[in-house]
Each structure stands twice: as C-alpha cells, then as structure tokens.
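See structure below.
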Amino acid sequence: MWKSLIRTITPLSKTTNCLLSAETSIQQQLRTTFILKRRINPPLSKKGGPPKKLRTRNYLYELVKDTNCDKQANIDLILTSYVDGLGNVGDRVSVKSYQAYDQLLLPGLAVYATPENLEKYKDVEVKDMKVYSSSTALGVMQVLSKITLSVVMNKDSPWTIQPWHISASFRKCCYMVPEYAISIPEKPIKGPNLDIEGKEFYITVTINKTEQFKVRCRIHHWSTNIRERLPYEEGFWKVPGELLFPEDEEIAKAQSQNK
Amino acid sequence: MFSIVSKLRPNSSFFSLTKTFISERNYAARKGTRERKQKKKTKKEVEVKAKFIPHNQRNKDALLAARPILKVDDSARPLPFDDVYIMKYYRWKVYPFHEAVESHRQTHHPDMYNEPNSNLLARIELNMQGEKVTRFVEDFSRIAAIPHKFEHGDERAIIAFSKTASVRQEALDAGAQLAGGVDLIKQIQNGGVSLQNFQYIIAHPDILPELVPLRGVMKRRFPNPKMGTLAVDLTGVTERLLHGISYSAKKDEHEKDFGLVEAVVGTLDMDSRCLEENFAALVQDVYRMKPKREGTFISRCLLVSPPSSEKFKVDHELYIEVKDDNTQKDVEDDGEGERVAL
C-alpha cells in the first residue's frame with residue numbers, strides 16, 4: 001500500500017519542484033569576451049562587389065585578450081551616511097563590487113555615482129546625520145574608549161601627572177596621541193603614593209581638534225630596582241579598578257552603556 | 001670402482017698412481033678472497049643513531065619557515081589621516097633624530113623609568129644580498145670613528161710598532177698602551193711581552209718587514225691596510241680604535257639576506273647633536289661595506305634604548321652622501337648579437 005502511494009506522490013513532487021524552482025532555471029547571459037586577432041588577413045574584395053569567401057586559413061586566430069583575466073573594475077559610489085574607514089556623507093568612493101553591493105548599496109549607505117545622483121548629492125546639507133572629522137575618526141574613538149591605559153610612574157622619585165606622561169604611555173601601547181590632544185583632570189594626581197596604586201581616572205582625548213572622548217587610565221608604580229617592584233597583576237584591564245575621583249562614576253556608567 | 005672426486009694438487013703423483021679420479025678443476029681463489037672483494041663492493045650503510053631532540057626544537061625547519069619575515073616593508077601601508085591614530089594600521093612614523101631621542105628621554109625620565117643615563121642603540125637593518133642573487137655579503141666587524149667619545153666599557157689595549165720614535169710617541173699620546181720598534185718585536189719573540197694582553201695591533205709601514213716573523217702569532221690581527229691597522233698616521237688609528245664604536249653586521253642563519261647591526265651611539269644624557277653626529281658617522285661607516293649592486297643596502301634604522309622596548313625609525317639617508325653616478329653601466333650582450341654558425 002505504501003509503495004503505491006509513494007509512486008503517485010513522487011511524480012507530483014517532481015512537477016511542483018519544477019514549478020517552484022523557476023528562478024534557478026533562468027539562463028544567465030555568459031559575460032565572457034575574448035578579443036581575437038586574425039593571423040592571416042582575409043582577401044580584399046572590389047568596391048561594391050560581393051565579399052570574397054573566407055578560407056580555412058582565415059579562421060586561425062590569436063588571442064589578444066581574455067576579459068576574464070582582467071581585474072574587476074571598482075564601482076563608483078556616493079555615500080549617504082558616515083561609513084568608518086571610507087568617508088563622510090557626500091564623499092565619492094570607489095570600492096570593489098562585493099563591498100559595494102553587500103555592504104553599501106543593499107543597506108542603503110550609498111548610491112551609484114551616476115550623473116543624476118552627482119547633481120542630487122552635490123550640495124547636501126547634513127542635518128540629522130553624524131559627521132566625523134575624518135573617515136577613520138569613529139574607529140579610533142571606539143577602540144580607545146574601550147581600553148584601560150596603564151600609566152607607569154616611578155615608585156621612588158616624586159611626580160605629578162602631566163599630559164606628556166599620558167602621551168608616552170599611549171605611545172608604548174602603539175597609539176599615537178600627541179600631547180596637545182590630551183587634557184588631564186583638574187585635580188593634580190601626585191605621587192609616588194601607594195594608596196593610588198591600581199586606581200583609575202579618566203582623561204579627555206581630542207581627535208583632529210574636533211571630537212572628544214574619554215579614556216580610562218590606571219596608575220602603576222614601577223621601581224628601577226628589580227627587587228622593589230610590585231607583582232604584576234595578570235589581566236588588570238579586564239576588571240575595572242577603583243576610581244580615583246568619585247565624580248567619574250557617571251562617565252564610567254556612560255561608557256559601559258555605550259559598550 | 002668408484003670415482004673419487006679429489007682436489008687436484010700440484011704434486012700429487014702419489015694419488016695418480018693409486019686411484020683413478022675425476023679431477024674437478026677448481027680455480028677458486030684463496031680462502032676468504034671472494035668475501036673480501038664482495039665486502040668492498042657493497043656500500044656501507046652507516047646507521048644514523050636517532051638523537052634525542054627536545055620537543056621545542058623538533059621540526060626546526062618548519063619553525064624557522066613559520067617565523068615572521070625579518071625584512072619589514074611597510075610601504076604598502078597608508079599614511080595616517082588623523083593626529084590620533086592606531087599605529088599598527090599605518091606606516092611607521094619617521095622621526096627626526098632629535099624627536100626620537102626626546103621620546104626615549106621621556107620614558108627614561110626620573111618620573112617614569114628613572115634611567116636617564118641609559119645607552120642609546122642604533123639598530124641598522126641591512127639587505128645582505130651580494131652582487132649575485134644567491135651570494136650574500138659576508139659578516140663584518142669594524143670600528144667606526146666617531147666625533148664625540150663616550151664610555152663604551154670595552155677593554156681595548158693597543159700595541160703600536162714603528163721604527164721612528166716620534167711616531168711611537170704619537171701613538172702613546174693618543175692612548176696606546178705600548179709602543180715599540182724592533183726591540184719590542186724581539187721581546188715578544190723571547191716571551192717578555194705577550195700579545196695575548198692586547199686586543200689591537202697597529203703598525204707603521206716602515207716596520208712591516210720586521211713584523212712578518214710574528215705573523216703566525218698574530219694571525220688574524222696582523223696589521224693590514226684593509227682593516228685600517230697598517231697606516232702612516234698612527235694617532236688617528238689609535239683614537240679610532242680606542243674611542244670608536246665597535247660593531248658587527250651578522251646575517252640571520254635562516255633569512256640570509258637580512259643582516260643586523262646593533263651598536264651603542266652614546267647615552268641619553270649626551271647632547272642630541274653629539275648623538276646625531278655619532279650616529280651619522282656609524283651609518284657612513286656601515287655604508288662603506290655596501291656591495292656593488294643596485295638597490296638599497298641599509299633598509300632601515302631604528303633607535304632603541306633599553307629597558308624600553310620602543311623603537312623609533314630614523315631616516316638614515318640624510319646622513320649618507322650619495323655621489324652622482326655618471327659612470328656608464330656595462331651592459332652585457334646576452335646573445336643579442338649576430339648568430340654565428342659553429
């Protein structure tokens with residue numbers, strides 16, 4: 001009984017499959033172009049006369065170019081919103097086809113750079129859009145807002161935190177942050193003071209002299225003499241340390257929300 | 001009657017009388033000869049005993065191949081766009097010499113590491129490819145003369161040889177430990193003075209014939225003009241050997257076209273200009289060992305100062321005097337001429 005059922009069902013399913021899979025059966029055009037050159041020129045014919053017959057030797061070709069081997073041309077687009085690493089609103093960008101279709105055109109972050117669109121997006125006034133000072137500014141802000149910068153100060157000689165200490169500490173971690181872009185808290189942080197060892201404070205970094213963001217810093221005391229050094233705390237940046245100034249609680253909350 | 005197969009002996013007339021035999025002609029060589037010959041023919045397969053290799057040294061070739069390339073080329077990376085940026089995504093910043101030294105001074109300041117007198121090292125990376133692609137420049141050790149001396153901590157005792165007393169006095173004034181003439185050579189031969197106590201041997205060309213008997217004792221240290229130890233002006237040589245920067249360029253054992261020079265150019269408490277001049281002198285001396293081929297010899301120069309692990313890239317080309325190459329290049333005919341039937 002079951003076998004006879006299966007016999008009736010299978011042809012039906014096959015037809016329904018055919019109907020449903022109409023899209024897959026569409027023949028796409030073959031976008032291949034081979035540029036060839038005749039090895040032996042065809043015979044010339046008289047003006048107004050019938051063309052002469054081509055011989056076998058005229059059908060010998062040499063391959064000049066195989067367009068499949070060419071590099072795929074980039075697609076020109078106009079951005080309609082800020083894209084990190086590419087540009088701001090209204091910027092003309094040239095990207096590879098995959099990135100253009102999948103990451104920009106499909107989500108509506110860009111449009112094709114046709115003559116009509118160029119006119120349309122020429123003088124676009126940005127009102128509710130976020131505009132950043134450069135194409136890479138947002139990326140830098142996002143990365144530096146998440147880190148805990150270790151500021152290593154001496155355990156024996158007296159010091160007060162200055163912008164150049166922070167700049168040097170950034171440089172040690174391979175972040176280029178010049179001194180003028182750093183603003184330290186108003187209250188002076190003096191040392192060496194083992195009460196503030198491992199405590200954290202916030203500094204403000206200004207990127208391209210426009211955007212500002214907060215970076216969390218942690219104080220470490222370091223002794224030149226190996227024997228007097230404090231033990232290294234593995235993964236100290238994973239657990240947020242105690243704040244030096246209680247007013248920074250709000251900044252900490254805001255940052256954790258952004259994460 | 002049975003036939004006796006017996007060995008045919010030369011004087012076996014006795015045998016021939018008593019018995020009929022069928023002699024077997026046996027042309028075998030003396031006992032053991034065949035075996036000896038066979039042993040010579042067969043190749044001896046030496047059994048290699050498997051040595052114990054610790055786990056972290058096994059597959060050394062694979063480990064070396066997997067190591068990142070020492071020749072760092074960041075020209076494909078973009079230049080930074082913003083003033084605040086993440087350095088790993090962009091090209092290395094080329095520091096002016098003064099700024100690099102200042103940056104080191106910041107980290108070594110009493111507020112931070114508290115080592116303001118630490119050494120400043122120049123790390124010069126070289127492309128050791130020779131005139132031919134598969135041949136490489138040999139490792140070299142030299143002493144570069146520098147304008148501003150500093151304490152290098154090396155023990156450099158110099159012995160000078162010259163016939164003229166004035167030259168000997170010059171050498172002693174410059175800082176040589178011992179200076180002498182033919183009598184000093186005799187003392188060495190007697191054993192009164194030991195050459196082992198001296199690191200450098202310099203000589204004036206006039207005393208060279210008398211110095212030849214000591215060649216075997218001196219070996220590599222025998223004065224020669226190539227090393228700069230055989231010269232007319234012994235004061236200059238003595239000063240250079242005593243106060244100059246001793247450095248050596250060594251190729252990496254796996255990546256043979258990469259060579260490295262790490263030399264101290266001074267201390268951080270020295271004046272920046274003095275450090276720069278010392279560095280310039282070192283770079284020029286290294287550049288003198290350049291092979292005769294196209295392409296750069298010094299790929300990049302970094303300034304390092306322990307205990308900091310920071311490296312600041314400095315433009316070495318500012319200190320190299322590039323001569324205008326007006327000489328014609330010799331183009332070899334690669335069979336582009338007329339073909340001659342042999």
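Proteins get letters first, then strands, A, B, ... in listed order; numbering begins at 1 in each.
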Kindly check if the number of other-residue, nucleotide or ligand heavy atoms within 6.0 Å of CD1 (B:Ile69) is above 12? no
If I measure from the heavy atoms of chain B, does A:Val151 come under 4.5 Å with its side chain, its backbone, both, or neither? neither
Residue by residue, scan residues 93-113 of chain A and write down, ordered by number, those that have a heavy-atom distance under 4.5 Å to chain B; if none do, write 'none'. none
Taking side chain as C-beta onward, heavy atoms only, is B:Ile86 less than 4.5 Å from A:Cys174? no
Considering only heavy-atom distances, could you tabulate the donor-acceptor pairs under 3.5 Å between chain A and chain B?
residue	atom	partner	partner atom	Å
A:Ser134	OG	B:Asp82	OD1	2.3
A:Thr136	OG1	B:Asp82	OD2	2.7
A:Asn154	N	B:Asp111	O	2.7
A:Asn154	ND2	B:Met112	O	2.9
A:Ser157	OG	B:Pro110	O	2.5
A:His165	NE2	B:Asp111	OD2	3.0
A:Arg171	NE	B:Glu310	OE2	2.8
A:Arg171	NH1	B:Gln106	OE1	3.1
A:Arg171	NH2	B:Ser103	O	2.9
A:Arg171	NH2	B:Glu310	OE1	3.4
A:Lys172	NZ	B:Tyr113	OH	3.2
A:Cys174	O	B:Met87	N	3.1
A:Met176	N	B:Tyr85	O	2.9
A:Met176	O	B:Tyr85	N	3.1
A:Tyr180	OH	B:Asp83	OD2	3.2
A:Asn208	N	B:Asp83	OD1	2.8
A:Asn208	OD1	B:Asp83	N	3.3
A:Asn208	ND2	B:Asp82	OD1	3.0
A:Thr224	OG1	B:Tyr113	O	3.0

Please state whether the side chain, the backbone, both or neither of A:Pro158 comes within less than 4.5 Å of a heavy atom of chain B. backbone
